[in-house]
Amino acid sequence: MATEEKRKDVVGSVMVVGGGIAGIQASLDLADSGYLVKMIEGKSAIGGVMAQLDKTFPTNDCAMCVISPKLVEAGRHLNIDLFTTTEVEKIEGEAGNFKVTLLERPRYVDLDKCTACGECAKVCPIEVPNQFDMNLRERRAAFKLYPQGMPSAFAIDKRGTAPCKATCPAHVSIQGYIALINDGRYKEALKLFKDDHPFPAVCGRVCHHPCEGECTRNDVDQPLAIRELHRFLADYEKQSGEFYIPEIEAEKRDEKIAVIGSGPAGLTAAYYLLKQGYSVTIFEKLPEPGGMMRVGIPEYRLPRDILADEIAVIQKMGADIKCGVTFGTDITLESLKADGYAACFMAIGLHGGRNLGVENEDAAGVLQGVEFLRDAAMGKDVEIGDDVIVVGGGNVAIDVALTAKRKGAKNVTLICLEKREEMPAWEHEIEEALEGEITIVNSFGPKSFFIDKGNKVSGIEFKTCTAVFDDDGRFNPQYDDNACQPYFGDTIIVSIGQSTNLDGITDQGIAVSRPGGLEADPVTLQTPIDWVFAGGDAFYGPKSVVDAVSCGKEAAESIHRFINGLDLTEGREKKWDFVKPDIANEPLKKRTTVRCLDPEARECNFLEVSFGYDEEEAKTEADRCLKCGICSECYQCVDACLANAVNHDMQPKRTEVEVGSVILAPGFTPYDPSKHAYYAYANHPNVLTAMEFERVLSASGPYQGHLMRPSDQKEPEKIAWLQCIGSRDINQCDHAYCSGVCCMYAAKQTVIAKEHSEKDLDTAVFFMDMRTYGKDFERYYNRCKDEHGVRFVRSRVHTIDPVEGDNLSLRYVNEDGDIIEEVFDMVVLSVGLSPNEQTVRLAKTMGVELNSHKFAQTSDLAPVATNKEGIYVCGVFQGPKDIPQSVMEASAASSAAARNLASARGTLTRAKQLPPELDVADQEPRVGVFVCNCGINIGGVADVPAVREYARNLPHVVHVEDNLFTCSQDTQDKMKEVIQENNINRVVVASCSPRTHEPLFQETIREAGLNKYLFEMANIRDQNTWVHMNNPEKATEKAKDLVRMAVAKAVYIEPLHQVSLDVTQSALVIGGGVAGLEAAVGIADQGFQAYLVERSGQLGGNALWLRQTWQGEEVSPYVEALIEKVRNHKHIRTFLDAEVIETGGILGNFHSTVATGGETMTTAAIEHGVTIITTGGKEYQPSEYLYGEHPDVLSHKDLDIAMTDGDQRIADAESTVFIQCVGSRNEEFPSCSRICCTHSVKSAIAIKKQKPEMNVYILYRDIRTYGFREDLYRLARELGVIFIRFDMQAPPQVTKGADDQLSVTVKDHILGRPIEITPDLLILATGVRPNANKDLFELFKVPINAEGFLVEAHAKLRPVDFGSEGIFMAGLAHYPKSIDETIAQAQAAVSRASTVLSKEAIWVGGVTAEVDPDKCAVCCTCVRTCPYNVPIIGPEGYAVIDAAGCQGCGCCVAECPGKAITLKHFTDQQLIAKTVALFTECVTA
Amino acid sequence: MSATFEPQIVAFCCKYCAYAAGDLAGSMRLNYPSNVKVVQVPCTGRVDILHLLRAIEEGADAVYVAG
């Protein structure tokens, strides 16, 4: 066969996209059936929406309790490769051989190292809305999605680098120090600043802050005062008097580095080289260090002591600063080399001025700006006159002007070439000049100086500058020589630019660039002389301090690389991109102004002008930060993480995986009602979505499960639920479909809210149709009404008005037509399930078609297949549905995905190789105790060494130790060695919870050769140090108690051995309807043998009369093909007219007898590993509404058959009436039969289309066209089908007239009056009954509910399993369902069965119950007690508990009156040893 | 009974629910008195009257079963 050939090279691996409950179930099924699973999740942990829920309906189980074991199982499975924070980027190839490209976003936390201790989150200063809690509270940027999340690891939430940090030339973590200021951690903030910049105080005063230009606050109001904030940090430190000296973490090195020039570039290079361990000598020509910071920036802007303090820090770090040393004369490159310097950094600055080059410039009284500032700064006497003219328009010119003023000049005029707006000086400097009464004159270029007789300057003539720049923007001034203007003054200071002094530099062969600076590589700063580097103003021209800092850092890096022989260029050119957050709705916050010296008070002194911020001002300002990057990169987490797991440099990673099939389970997003003002959701805190309300109710939610409303944390007394928000609504939101789950979850929430409420809570649900169509849902609904007093109001609320006291007034029309206004404390919007952008994108990437509602398009007859072969779907992506349906479909998708991969099953899966087990049974207990510090989670509270030493003296303890992290890989390896070295035969770990870590430690001791049961844990973290943090002494005592208890039990524990049983790789399928047929084919296609037993003489069941699926697919061709396939399949043997009359055995090894009827009864013995029960159901046979008494009263089945046969009655009818809920939702049969509404609506459409003039009426109680079936309901109404609702109290009356004319009378709920219809046809929407199979069910010991439907192992997560292992179900025997749902459940049963059949052998035993035959009195208590029906009275005359079936719960043990049963690993002796130990003070040596 | 009396309490907790709730209390850093000691059982159905009485006999002031 060609297909057989093709299958040989398929890949035995499946990719599952989506880590919600559907994805988890699909992955577990596949991984347990011999396939390697690649599980892809976009978030940082799996669990999906189910993990967010509080309780699940209809059992009110805690959602987390139910899902949590599955999370652990999926997270730890050897054959599931979990990719979190990952998306699918590309798919290539075809079914059987896909190549998928995955893009993994960085988590910034190493999964292999993270122990989930949470220290990172504790120190993280960034608070962001906790999306898991639906933004009802905040979490940190370092976060774990939720406490039970898997992988059990933290992640760091980043949007990208913040714009401020990206823009800062030194790339200081600006958002980081601002966040730390917000947190009051000023020391840490300063330290963070100093990681990237040695001059917080200097730059806090003089920086030109390009960062503020990019600050996102610009787009809201004004940028943050970033500069002032780090100045505050430096000022705060100075006030404290304790200066932070960066630690030299690197080892001291022998190499010496020379730095020429002690300006910001030179000092910064020294700072970073010192940190690397080098010796650094700085040579400075001037008498004092600081370069331009010292002699270029006036003191009123940068006080001397501030600069001196920051230079002193660098000196304390070890820098040797030699002042008054001139490079070129006192020292040369040659002398440096001779003195042993390994590298030299030239940062000599631009200390020369530039001449105008006009006549008489050398006259007395003409000064150079740079020199003037230097002389002033160095305290030299500079003589200036009363009238000073400054030539130049840059920052230096302004400093010159203001300094001249302070030096006593009466009038200072600044004259420049540029127009006011072209001036190169920064705006704030110009403003300061104006404040300082400097006259600024624009657009003049100097022509010549006027001199007096003594060659002293007396003025200057200017010519008008008509343009400074040419059309290309180049500096090319044009003058009008005819428009001149003289200015008179006694001192003229030329301040038009700077130059460097190259005396003694060029002589040494140091290269000079064309503009006259030092020549060096722009990236590495290396000069043509390899050991000489150049930077700062002398290299790139005049720039600011922060640019020099940036350059100095690069120089240090280059020099370090040069000395170590590393590549100088590799990875140097980093791109600094940033993303800005959305600022819509951001409230305005005014920038905090900086207090300054009054302009008058500045005269004739050099007092600092700006006061900077005080603490309060700094905090107010810091609070304006918009946290653009989310994570602020403050790196507090890096220091806090003792496991070294945090890595902020992680990059996105692309991975290519090869898989045979793909399952898409990306889930949904709860509908967002915020865009509709009508719901008052966006603006009123007490209008919540149902998802938010789940979190409110959750014990791990924002209010710890206390029922409160957000506005004032008051307990509400009256809550309203509004149904169909974002569902069944084409007017507001275009979601025409029904979300299928909201009616039930609202009902559940009312009950749970009442349970949580201390007062008598009034709950009202406003709805259109109550759609409680699932198994046991109708009962739940009835209980809500009858027992809990929940008000269900059939009405659409049309107005929600906020009223006094944070309450909400609801206006609606009741059923009697009265307008009612009612005030509630709180409103819950029952939001629907929406597709989202990601799912649409995923579908596009995968080439999967979507339907008109943007969910995956599937066929009813192949419910989990997409248009792309090899790609399957499940969960809400396939259509809105509840958890059990999702789980069922997940298993179905798993079997569909595996169907074509059978030949590759087991080719990629991994198995652990283990050493042989040591026999320790007869040895004296030798206990090893390992106490964990869990970083500081335990050790930071309890005295771990004391606990360890205490354990040393406990009986039988031969070894104790404590570890930083007991679960880390290195400790695990060490533990194995220790066990072997000390012949330890019982291991006790005192650490976290056995729920998460016992399997890991058990694996470790097994690898050390010990039986895995020789292990016991003491939970001294989750149940001790985390809950007794405030009482370290008591926590220590309790830790000792818990360790003592664990050791006491450990002494008594025994190795348990599991035994291997061969699996019979075949299945018995009972029932030959669609479910049975699909199951048999599924099993057989996997290459396993299937035995199909059908009671009747014909295969096909109800599908033989069913016309169409709800989407309109013809059923009969499908079922005929299916029957044909079963008949011809080489792996299927069919028994017709047959029944199972005997069965026995256990999971993997059942044996049954099938009796085939007919004339000669024959029996066949069948060996099978699993059983699938698909015994089906049938239509209810009505006794009401004249059924059977009048020929024109038809059931649904009759109608289908009539339609298929082209019955003339249908064509002839003028009027047809459907009556819903016949045999459903009544006292006798409380359940909803789920499928009848859709069937009626669909049939009505067919009739109406055939004969549009016919009057078609549907008399109903609630129309339950769930999911996309709602489209049919809408279409029926559009076609003119008339829907009339009736109450159960007043059902329609059907009578027969004299001429046999049918008459239906029903009370119309709108008119409030009875109306009479005389239909020609009356169709009864007959419910579903399970087929009677009492004997069979008893034979297999499978439970049924009151209505006779089979009861699954768990209503939510095991919808196709029975409590008894190895038996599964599908189809109508489980509950009424449509054909697509039946097919899905049958495929699901195949998947569940495959987890058994794919194994050649299974391991049984372990923690199981065992009967002592001598003590057994055959009282049958255990037989009756066991919830799994495992114990039997064996042929020997005593109870037998099969290890293969035993779940280890121990119920039988506690109940057995003769104490004949023991639960291994939890024996009475072991449990009592714990309590005895608790109260026995250990006698210590 | 003096005002400083602190009862010693033994709690038998089902590993699937109550024990997990105990862990959750830890994750949430809720505080409760340290004189409660939890003994994990595979199911509260395993708890025998014997375990309860024996604990009291050994010195427990109270015993509770949660699951």
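Here is how names work: the chains are called A, B, and so on, in the same order as the sequence lines, proteins then strands, and each is numbered from 1. Every heavy atom of this structure was used, including side-chain atoms; hydrogens, water molecules and symmetry mates were not.
- Although no hydrogens or angles enter the test, the distance criterion places a donor-acceptor pair under 3.5 Å between the side chain of A:Lys1049 and the main chain of A:His1465.
- When heavy atoms are compared at a cutoff of 4.5 Å, A:Glu1037 does not approach chain B at all.
- Neither the backbone nor the side chain of A:Cys62 comes within less than 4.5 Å of any heavy atom of chain B.
- Contact residues of residues 40-47 of chain B toward chain A are B:Gln40, B:Val41, B:Pro42, B:Cys43, B:Gly45, B:Arg46, B:Val47 (heavy-atom distance under 4.5 Å).
- Using a cut-off of 4.0 Å between Lys/Arg side-chain N and Asp/Glu carboxylate O, A:Glu1016 and A:Lys1474 are scored as salt-bridged.
- Residue B:Leu30 touches chain A through both its backbone and its side chain, counting heavy-atom pairs closer than 4.5 Å.
- No side-chain donor-acceptor contact under 3.5 Å links A:Glu1410 to the backbone of A:Thr1462.
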Test salt bridge (Lys or Arg N to Asp or Glu O under 4.0 Å) on A:Asp1041 and B:Lys37 and set out the steps.
CA-CA 8 Å; A:Asp1041 290 343; B:Lys37 310 292 188 303; 3.6 Å; yes
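- In this pair, B:Tyr32 and A:His1028 present their aromatic rings perpendicular. The plane angle is above 60°, beyond the 30 to 60° band.
- A:His997 pairs by the ring pair (Phe, Tyr, Trp, His ring centres under 6.0 Å) definition with nothing, not counting sequence neighbours.
- When heavy atoms are compared at a cutoff of 4.5 Å, A:Cys117 approaches chain B solely by way of its backbone atoms N, CA, C and O.
- When the candidates A:Val66, A:Asn1030, A:Asn1024, A:Val1407 are compared by the number of heavy-atom contacts under 4.5 Å with chain B, A:Asn1030 comes out ahead.
- In this structure, chain A has a heavy atom under 4.5 Å from the side chain of B:Phe12, while its backbone stays farther away.
- In this structure, chain B has no heavy atom under 4.5 Å from any part of A:Asp61.
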Please evaluate residues B:Asp23 and A:Asn1019 with respect to the criterion side chain to side chain donor-acceptor pair (under 3.5 Å), reporting the C-alpha separation (whole Å), side-chain torsions for both, the decisive distance (0.1 Å), and the verdict.
CA-CA 9 Å; B:Asp23 286 349; A:Asn1019 187 339; 3.0 Å; yes
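- Of all the listed residues (A:Met64, A:Gln1447, A:Arg995, A:Glu1455), the one sharing the greatest number of non-hydrogen pairs under 4.5 Å with chain B is A:Arg995.
- With a threshold of 4.5 angstrom between heavy atoms, B:Arg54 approaches chain A through side-chain atoms but not through N, CA, C or O.
- Two residues are said to be in side-chain contact when any heavy atoms from C-beta on lie closer than 4.5 Å; A:Val989 and A:Phe1015 meet this criterion.
- Between the side chain of A:Thr1025 and the backbone N or O of A:Ala942 there is no donor-acceptor pair closer than 3.5 Å.
- Listed in order of number, the residues of residues 55-67 of chain B that approach chain A to under 4.5 Å between heavy atoms are B:Ala55, B:Glu58, B:Gly59, B:Ala60.
- In this view, B:Asp48 and A:Lys1459 satisfy the salt bridge (charged side-chain N to carboxylate O under 4.0 Å, His left out) rule, not counting sequence neighbours.
- Not a single donor-acceptor pair under 3.5 Å links the side chain of A:Arg140 to the backbone N or O of A:Cys120.
- In this structure the side chain of A:Asn1031 never reaches within 4.5 angstrom of the side chain of B:Ser34, judged on heavy atoms.
- In this structure, no portion of A:Met1017 lies under 4.5 Å from any heavy atom of chain B.
- In this structure a side-chain-to-backbone donor-acceptor pair under 3.5 Å is present from A:Thr996 to A:Ser993.
- Remark: the backbone N or O of A:Cys934 is paired with a side-chain donor or acceptor of A:Asn937 at under 3.5 angstrom.
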